[in-house]
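Structure, as structure tokens:
Just so you know, residue 1 is the first one in the sequence shown, and it goes up from there.
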Amino acid sequence: MESNFLKTKKLKIFTVEDDADFAFLIHATLNREEDMAVIGHASSEQEAFQKLPALKPDLVLMDLNLSSSPSDGIQAGRRVRLETDARLVILSGYEDSSIVVDACKQSFASGYLFKSQFEILPEALRRMAVGPTPQLALIRSLICSDLSAAEQTVLELLLGADISLRSSAKTIANQKSSILRKLGLRSQEELLHLFRYYC
């Protein structure tokens with residue numbers, strides 16, 4: 001899928017960050033880039049979803065720790081991926097790799113950056129906006145790691161791969177249901193929506 005960024009050469013970014021000073025620094029830095037524009041900001045999940053439907057950003061830069069726990073950013077990020085067409089980049093003050101890896105996996109992110117890597121933010125966002133990147137491939141692999149080999153094959157089939165399976169229709173249907181359950185999804189439509197950036 002061709003992104004709006006590739007068509008317009010202007011990357012539209014929405015930020016979700018509860019630290020007002022750091023948000024200001026992000027906006028000032030990104031708005032200096034000729035090919036970027038911060039089109040909106042929110043300090044909470046609730047505020048974000050009051051604004052996101054109308055703004056239609058190419059990319060959402062999400063603070064992992066919106067209040068007291070990383071789970072807030074994970075939940076908000078997952079909702080961004082399910083309810084919008086934006087790519088999601090996790091921004092984390094935590095430099096614990098296990099926390100960040102789990103957050104990217106659960107939220108179906110396109111990538112992540114530590115806040116200490118602020119100086120590379122513009123270039124990193126450019127790469128993540130067009131993909132594919134090594135981070136994207138890694139996150140896809142992590143998401144699929146909870147699936148059995150047979151389920152991974154059925155997933156590829158659902159995503160459009162030209163695969164011939166000997167399994168019965170009932171077995172494939174059961175594996176499809178298992179895939180959705182393990183990934184916490186309600187439908188094949190949600191799965192196709194989330195995986196289109198990973199294909």
Side-chain angles (χ1 to χ4, degrees), residues 1-19 22-23 26-27 29-31 33-66 70-92 100 102-115 117-118 120-140 142-143 159 183-187 189-199:
M1 174 181 288
E2 186 178 33
S3 70
N4 289 332
F5 175 46
L6 292 178
K7 294 176 182 177
T8 65
K9 306 301 181 185
K10 195 85 167 178
L11 179 60
K12 296 185 297 181
I13 301 166
F14 187 94
T15 60
V16 187
E17 167 63 65
D18 63 351
D19 182 329
F22 194 68
I26 291 172
H27 297 176
T29 299
L30 297 181
N31 283 328
E33 303 293 319
E34 292 184 359
D35 59 344
M36 295 183 179
V38 177
I39 61 169
H41 171 74
S43 58
S44 67
E45 177 183 350
Q46 181 180 6
E47 184 185 0
F49 283 92
Q50 291 171 347
K51 298 177 177 180
L52 278 170
L55 292 175
K56 302 184 187 311
D58 300 307
L59 186 150
V60 172
L61 187 59
M62 172 74 65
D63 181 13
L64 183 57
N65 190 23
L66 287 175
S71 63
D72 300 316
I74 292 171
Q75 174 184 305
R78 187 180 179 93
R79 190 175 169 195
V80 165
R81 290 289 286 109
L82 283 168
E83 297 183 23
T84 78
D85 291 324
R87 294 177 188 264
L88 173 71
V89 175
I90 297 292
L91 187 63
S92 174
V100 177
D102 188 57
C104 289
K105 178 180 174 181
Q106 290 190 49
S107 65
F108 294 86
S110 288
Y112 67 90
L113 280 168
F114 296 130
K115 289 187 175 181
Q117 296 176 298
F118 184 80
I120 68 169
L121 181 62
E123 185 54 37
L125 295 186
R126 282 189 194 95
R127 292 196 302 269
M128 292 176 192
V130 296
T133 65
Q135 278 194 12
L136 194 68
L138 175 61
I139 293 166
R140 187 191 199 280
L142 289 168
I143 292 168
L159 296 176
L183 298 183
L185 303 177
R186 295 171 295 183
S187 67
E189 288 71 26
E190 284 191 346
L191 183 141
L192 293 176
H193 177 79
L194 290 172
F195 270 83
R196 73 194 191 283
Y197 291 145
Y198 296 119
C199 294

- Task: Let me see the working for Leu192 and Leu194 under side chain to side chain contact (heavy atoms under 4.5 Å, CB included), right down to the final yes or no.
- Result: CA-CA 6 Å; Leu192 293 176; Leu194 290 172; over 6 Å; no

- Item | Donor-acceptor side-chain pairing of Ser71 and Gln75 below 3.5 angstrom | no

- Item | Check: Tyr197 ring centroid to Phe108 ring centroid under 6.0 Å | no

- Task: Report the distance from atom CG of Asp102 to atom CG of Leu64, rounding to the nearest 0.5 Å.
- Result: 9.5 Å

- Item | Test item: Val89 and Met62 side chains (from C-beta on) under 4.5 Å apart, heavy atoms | no

- Expected output: side-chain Thr15 to main-chain Glu17 donor-acceptor under 3.5 Å: no

- Test item: Asp72 and Asp63 side chains (from C-beta on) under 4.5 Å apart, heavy atoms: no

- Evaluate side chain to side chain contact (heavy atoms under 4.5 Å, CB included) for Val38 paired with Phe14, printing each intermediate quantity in order. CA-CA 6 Å; Val38 177; Phe14 187 94; over 6 Å; no

- Message: Is it the case that atom CD in Glu123 sees more than 12 heavy atoms from other parts of the structure closer than 6.0 Å?
- Response: yes

- Task: Indicate yes or no: at least one non-hydrogen side-chain atom of Met36 is less than 4.5 angstrom from one of Leu125.
- Result: yes

- In plain terms, say whether Asp35 and Arg126 are close enough for a salt bridge, that is, a side-chain N and a carboxylate O under 4.0 Å apart. yes

- Query: Between Ile90 and Cys104, is a side chain to side chain contact (heavy atoms under 4.5 Å, CB included) present by the stated rule, with each step listed?
  - Reply: CA-CA 7 Å; Ile90 297 292; Cys104 289; 4.3 Å; yes

- Query: Does Lys115 make a cation-pi contact with Phe22, if we ask for NZ or CZ under 6.0 Å from the ring centre and within 45° of the axis?
  - Reply: yes

- cation_pi(Arg79, Phe49) dist<6.0 Å, angle<=45: yes

- Item | Atom pair CG/CG of Asn65 and Asp18 - distance to nearest 0.5 Å | 7.0 Å

- Message: Working to the nearest 0.5 angstrom, can you tell me the gap between Ile39 CD1 and His41 NE2?
- Response: 13.5 Å

